[in-house]
Amino acid sequence: MPRPATTPDRTPVEANRQDGDEGDLGAHFQRLIRRFGPIPLGQYMAEANARYYAVRDPLGAAGDFVTAPEVSQMFGEMIGGWLADLRARAGRMDSAYVELGPGRGTLARDSLRVLARAAGRPDVHLVEGSPVLRAAQSALLGAVTHHDDIDTLPDDRPLLVVANEFFDALPIRQLVKTAQGWRERMVGLAGDVLVPVAGDRPMDAAVPADLADAPDGALIETCPAASAIMAALAERVAAQGGAILAIDYGYEVLRHGSTFQAVARHQRTDPFAAPGTADLTAHVDFGALASAARHGGLVVDGVAGQGDFLLSLGIGQRAAALARANPAQAESLATALHRLVDPAEMGTLFRVLAARSAAWPQSSGFAHAESG
């Protein structure tokens, strides 16, 4: 769930703010909608998440949610081992470590510890928009280079890109079937309450043919920002060498239904209430990410469940070794392992995609996954 790392373009919300409104984003939206009409859901999500991440560290038991790196060091160690193995077989020890939306830096810390033992710590480049989280990352990791977006990443060496729970926080577009046809889902007002409404512009041409014949009220959602970022990264990696590893909750085949949600204090809440105070996310379309990576020139080694991926990398053996070395921690290690890999926990809902330069060797962890 870490924040979108790219800075959104200036929007009407920002352009039409009035002095004294800075504390209440809901008031901005209400004023904007009254003046100009309903706004796209994607604009609402982008503005709300930008406010949310700018002023807080949302991670951990005291925050709003917990990500896999916070569950156990084993997660980051597996990612570090995956990167170290690929880097060594490619023979490119000069590769840079890049992470999109790195949270507190926990995943980077654990991954870099493994990379440092395997022939040296790489240069670290973090794409992060939150001042609060930038400070936390620098305190934890030491020497890092921060970037507002991917455009300023190094262009003279291979890139090893990790994106854990990054794409889910990017703004989505939803289309809803009405009696008049498909329309974009917007955010409007019912009195003083923000509510989802159907727009008035026909959107039938944007709906895939196999999903177009649906009953009124049916929804589909896409994330143009996710595909654009993946395609841009893919072009860089195809030209410079390296690989991209994306991990998030999601699916591989676009289907009807909304996955748009808000989380605060580890509980789901109304995504249209108190914007800017909860984490807004949606499930990631890994089929679309894979297509964007291929379009950018990369080889996709596959998409796998997080559980299968981590088990293939040896997380079970790592848990056993840690338990032998720290018997008092055996139960907590078993609990963490279960949460990361069990199909009823994060093992199946969370997906892992790996894409690489055609000049680089095939990555590990996808023996039974579709590639191409």
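Start at 1 with the first residue, then count along the sequence.
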### Message
If the condition is side-chain contact (heavy atoms from CB on, under 4.5 Å), which residues does Arg201 pass it with, not counting sequence neighbours?
### Response
Met203
#### Entry: Ring-ring centroid check Phe350 Phe309, cutoff 6.0 Å
no
### Task
Sequence neighbours left out, what passes side chain to side chain donor-acceptor pair (under 3.5 Å) with Arg134? Give chain and number order.
Asp148
### Task
Sequence neighbours left out, what passes side chain to side chain donor-acceptor pair (under 3.5 Å) with Thr152? Give chain and number order.
His147
### Query
Does anything in residues 204-221 pair up under salt bridge (Lys or Arg N to Asp or Glu O under 4.0 Å), and if so which pairs, sequence neighbours excluded?
Arg183-Asp204
### Task
Decide yes or no on salt bridge (Lys or Arg N to Asp or Glu O under 4.0 Å) for Arg34 and Asp192, but give the supporting numbers first.
CA-CA 10 Å; Arg34 288 194 177 100; Asp192 290 332; 2.4 Å; yes
### Message
Which Ile, Leu, Val, Met, Phe, Trp or Tyr residues join Val114 in one cluster when any pair of side-chain heavy atoms under 4.5 Å counts as a link?
### Response
none
### Task
Starting from Leu219, walk the hydrophobic network (Ile, Leu, Val, Met, Phe, Trp, Tyr; side-chain heavy atoms closer than 4.5 Å) and list everyone else you reach, by chain and number.
Val176
#### Entry: Sequence neighbours excluded, every pair satisfying salt bridge (Lys or Arg N to Asp or Glu O under 4.0 Å) that has a member inside residues 345-364
Glu252-Arg351, Asp301-Arg356
### Task
Apply side-chain contact (heavy atoms from CB on, under 4.5 Å) to Leu349 and list each qualifying residue two or more places apart in sequence or on a separate chain.
Tyr249, His283
### Listed once per pair and sorted, the side-chain hydrogen bond (donor to acceptor under 3.5 Å, both in side chains) pairs that draw on residues 304-316, sequence neighbours left out
none
### Message
Angle between ring planes, Tyr44 versus Phe260, binned at 30° and 60°: parallel, tilted or perpendicular?
### Response
perpendicular
### Query
Name the one of Asp285, Leu353, Asp248 that satisfies side-chain contact (heavy atoms from CB on, under 4.5 Å) with Phe167?
Asp248
### Message
Among residues at least two apart in sequence or on other chains, which ones pass side-chain contact (heavy atoms from CB on, under 4.5 Å) with Ala262?
### Response
Thr269, Pro271, Ala278, Leu280
### Task
Using the test salt bridge (Lys or Arg N to Asp or Glu O under 4.0 Å), find all partners of Asp342 that sit at least two apart in sequence or belong to another chain.
none
### Message
So, using side-chain contact (heavy atoms from CB on, under 4.5 Å) as the criterion, who are the partners of Ala232 when residues are at least two apart?
### Response
Ile150
